[in-house]
Amino acid sequence: MPELPEVEVTRRGLAPQLAGRVISAVEVREPRLRWPVPQAVRKLAGRTVRAVLRRGKYLLVDCGDGHLILHLGMSGSLRMLAPGTPAQKHDHFDLVLGDRVLRLRDPRRFGAVLWTKDAVHAHPLLANLGIEPLSRALDPARLYALTRKHRAPIKQFLMDGRRIVGVGNIYASESLFRAGIDPRTPANRLSLARCARLAKAIKDILRAAIRAGGSSLRDYVGANGEHGEAQSRHRVYEREGQLCRSCGAKIRRLVQGQRSSYYCPRCQK
DNA sequence: CTCGCCACCTGGGGGC
DNA sequence: TGCCCCCAGGTGGCGA
């Protein structure tokens with residue numbers, strides 16, 4: 001599920017349900033996530049949640065004297081439930097806030113639940129993150145400058161969180177299609193004009209996905225857990241062999257950095 | 001520094 | 001039905 005749009009919509013769904021509320025209990029059923037869930041997380045009861053923030057794909061729960069850091073990995077999801085809702089397989093972590101429970105489910109356990117008392121942006125996992133794609137920091141000149149030193153294919157550059165955060169495997173392919181750029185193009189061979197096109201494409205694609213995920217993801221966070229509608233909007237992702245909706249050519253798949261990339265050989269040069 | 005690759009983990013789907 | 005292989009929305013860490 002989780003690329004930037006889903007994490008952001010999750011954040012928007014959670015924030016009003018968590019902010020201002022007191023943590024009454026914590027339950028860790030399975031501490032073996034990407035990193036062991038630290039003992040401090042089990043001792044959060046009594047703290048008041050001030051805000052829920054996002055940095056890249058990390059969710060940051062501001063508890064006043066520290067932050068709970070959540071990451072959904074490849075398969076994680078968060079839901080608000082009524083207390084006493086039976087935990088199912090892969091429901092590893094609960095944050096209980098009186099009459100509501102925030103529950104983390106993550107079959108593959110690539111996600112994380114961490115705690116830091118220090119300035120959260122100085123945390124080792126956050127300190128070296130790249131720019132937020134929906135902020136003004138991502139503009140044509142900045143993208144052009146960032147790409148200059150990188151000979152790696154632009155698809156892999158986009159997915160490198162040390163340059164730009166939040167663009168995952170789906171939206172890297174979708175953004176490159178929208179910008180008309182071949183995913184194999186070396187990053188440092190993009191002109192300023194193409195960087196401008198790409199920066200705008202990334203913002204447009206992510207914003208549209210947030211809007212599309214909005215309604216379904218509100219349910220997702222609140223109760224059900226069904227997939228959003230973003231899937232039906234994909235132009236190239238997981239469409240190998242199907243026809244390009246713009247030109248009719250067959251969409252192709254290739255492997256870059258052990259991840260699938262999808263592109264239209266006619267629309268993307 | 002950048003890069004290429006492996007690792008972590010579970011589950012679903014297809015071929016035989 | 002079972003087995004085996006491939007694939008999956010992330011990303012830290014390794015050696016070159």
Side-chain angles (χ1 to χ4, degrees), chain A residues 1-11 29-37 54-59 69-78 88-93 104-114 123-130 133 145-177 183-184 186-189 202 205-206 208-210 212-213 216-217 220-221 225-241 253-262:
Chain A
M1 292 292 144
E3 292 197 36
L4 184 150
E6 279 211 2
V7 177
E8 175 58 18
V9 175
T10 296
R11 188 195 69 76
R29 289 182 207 82
E30 174 55 85
R32 297 174 302 164
L33 304 185
R34 171 118 200 224
W35 296 279
V37 177
R54 179 187 60 74
R55 176 73 174 104
K57 296 170 191 163
Y58 292 90
L59 285 169
I69 301 174
L70 303 175
H71 196 286
L72 300 177
M74 292 273 268
S75 58
S77 60
L78 288 163
Q88 297 178 27
K89 200 175 182 182
H90 308 307
D91 286 347
H92 307 311
F93 170 78
L104 171 72
R105 175 175 300 174
D106 185 5
R108 292 177 73 178
R109 291 194 274 120
F110 288 170
V113 177
L114 298 169
H123 189 279
L125 291 176
L126 305 184
N128 296 313
L129 291 181
L146 283 175
T147 49
R148 288 313 88 186
K149 287 174 294 196
H150 298 270
R151 278 173 299 163
I154 187 61
K155 163 71 158 42
Q156 283 162 267
F157 174 90
L158 288 182
M159 292 183 62
D160 183 346
R162 294 167 303 180
R163 319 295 160 205
I164 301 171
V165 293
V167 181
N169 203 38
I170 294 174
Y171 298 115
S173 281
E174 293 296 317
S175 298
L176 288 167
F177 172 77
R184 297 165 293 191
N188 61 4
R189 292 231 299 262
I202 291 166
I205 289 286
L206 294 180
I210 289 171
S216 63
L217 265 181
Y220 184 73
V221 169
E226 67 276 357
H227 285 277
E229 290 159 30
Q231 222 167 327
S232 58
R233 307 168 73 97
H234 297 163
R235 292 294 179 268
V236 288
Y237 185 75
E238 285 193 331
R239 296 196 65 239
E240 182 182 18
R253 182 180 89 100
L254 61 92
V255 175
Q256 297 179 287
Q258 294 131 289
R259 309 301 299 277
S260 290
S261 299
Y262 300 86

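These numbers come from a predicted model, not from an experiment. Quick note on labels: first sequence line is chain A, next is B, and so on, each numbered from 1.
- Protein atom CZ of A/F110 is 12 Å distant from nucleotide atom C1' of C/dG9, rounded to whole Å.
- Checked by atom type, the side-chain pair A/S77/A/R105 shows no donor-acceptor distance below 3.5 Å.
- A/R105 comes within 4.0 angstrom of nothing in the nucleic acid, heavy atoms only.
- If you measure from atom CG of A/L158 to atom P of C/dG9, you get 15 Å, rounded to the nearest angstrom.
- Atom pair A/M74:CE and C/dC6:C1' shows a separation of 13 Å (rounding to whole Å applied).
- Side chain of A/Q256 to main chain of A/S261: no donor-acceptor pair is present (N/O by atom type, distance under 3.5 Å, no hydrogens or angles).
- In this structure, A/K149 does not reach the B/dC1 phosphate: none of its side-chain N or O atoms is under 4.0 Å from OP1 or OP2.
- Within 6.0 Å of atom CZ in A/R29, more than 12 heavy atoms from other residues, nucleotides or ligands are found, so the atom counts as buried in its surroundings.
- Rounded to an integer number of Å, the gap from CD1 of A/I164 to P of C/dG10 is 15 Å.
- With both ends at atom C1', the span from C/dG9 to B/dC3 equals 24 Å, rounded to whole Å.
- Nucleic acid contact for A/Y58: sugar-phosphate only, since backbone atoms but no base atoms lie under 4.0 Å from a heavy atom of the residue.
- Using a 4.0 Å cut-off, no side-chain N or O of A/Y262 falls inside it from OP1 or OP2 of C/dG9.
- Considering only side-chain atoms of A/R151, the nucleotide from B/dC3, C/dG12, C/dT11 that sits closest is B/dC3.
- Taking 4.0 angstrom as the limit, A/R259 places a side-chain polar atom (N or O) nearer than this to OP1 or OP2 of C/dG9.
- Distance, A/E30 CD to B/dC8 P: 16 Å, rounded to whole Å.
- Checking the phosphate oxygens (OP1, OP2) of C/dG9, no side-chain nitrogen or oxygen of A/Y171 falls inside 4.0 Å.
- When the side-chain nitrogen and oxygen atoms of A/H234 are compared with OP1 and OP2 of C/dG9, none of them lie within a distance under 4.0 Å.
- Note on A/R32: every side-chain N or O is 4.0 Å or more away from OP1 and OP2 of B/dC9.
- Rounding to whole angstrom units, CG of residue A/D160 and P of C/dT11 are separated by 10 Å.
- Nearest nucleotide to the side chain of A/H90, out of C/dC7, B/dT10, B/dC3: B/dT10.
- Among the atoms of the strands shown, base atoms are found under 4.0 Å from some heavy atom of A/Q258.
- Regarding contacts with the backbone of B/dG11, a side-chain N or O of A/K89 is found under 4.0 angstrom from either OP1 or OP2.
- A donor-acceptor pair under 3.5 Å is absent between the side-chain atoms of A/E30 and the main chain of A/H90, judged by distance alone.
- Within 4.0 Å of A/R109, counting heavy atoms only, lie sugar-phosphate atoms of the nucleic acid but no base atom.
- A/H71 has no side-chain polar atom (N or O) that falls below the 4.0 Å cut-off from OP1 or OP2 of C/dG10.
- Nucleic acid contact for A/L72: none, since no nucleic acid atom lies under 4.0 Å from a heavy atom of the residue.
- The distance from atom CG of A/L206 to atom C1' of C/dG9 is 13 Å, rounded to the nearest whole Å.
- Contact between the side-chain N/O atoms of A/S75 and the OP1/OP2 oxygens of B/dC9 is not found at any separation under 4.0 Å.
- Taking every side-chain heavy atom of A/R163 into account, B/dT2 is the closest of C/dG10, B/dT2, B/dT10.
- Comparing A/R34 and A/A152 along DNA chain B, the residue whose closest nucleotide (by nearest heavy atom) sits nearer the 5' end is A/A152.
- Remark: A/D106 does not engage A/R109 in a salt bridge, criterion side-chain N to carboxylate O under 4.0 Å.
- Under the 3.5 Å distance criterion, the side-chain polar atoms of A/D91 are matched with a main-chain donor or acceptor of A/Q88.
- Nearest-nucleotide assignment on DNA chain C puts the 5′-proximal partner with A/R108, out of A/R108 and A/R162.
- Among the protein residues, A/G161 comes within range of no part of the nucleic acid, since none of its heavy atoms lies under 4.0 Å from any strand.
- The partner of B/dG14 is C/dC4, judged by Watson-Crick or G-U wobble contacts that both fall below 3.5 Å.
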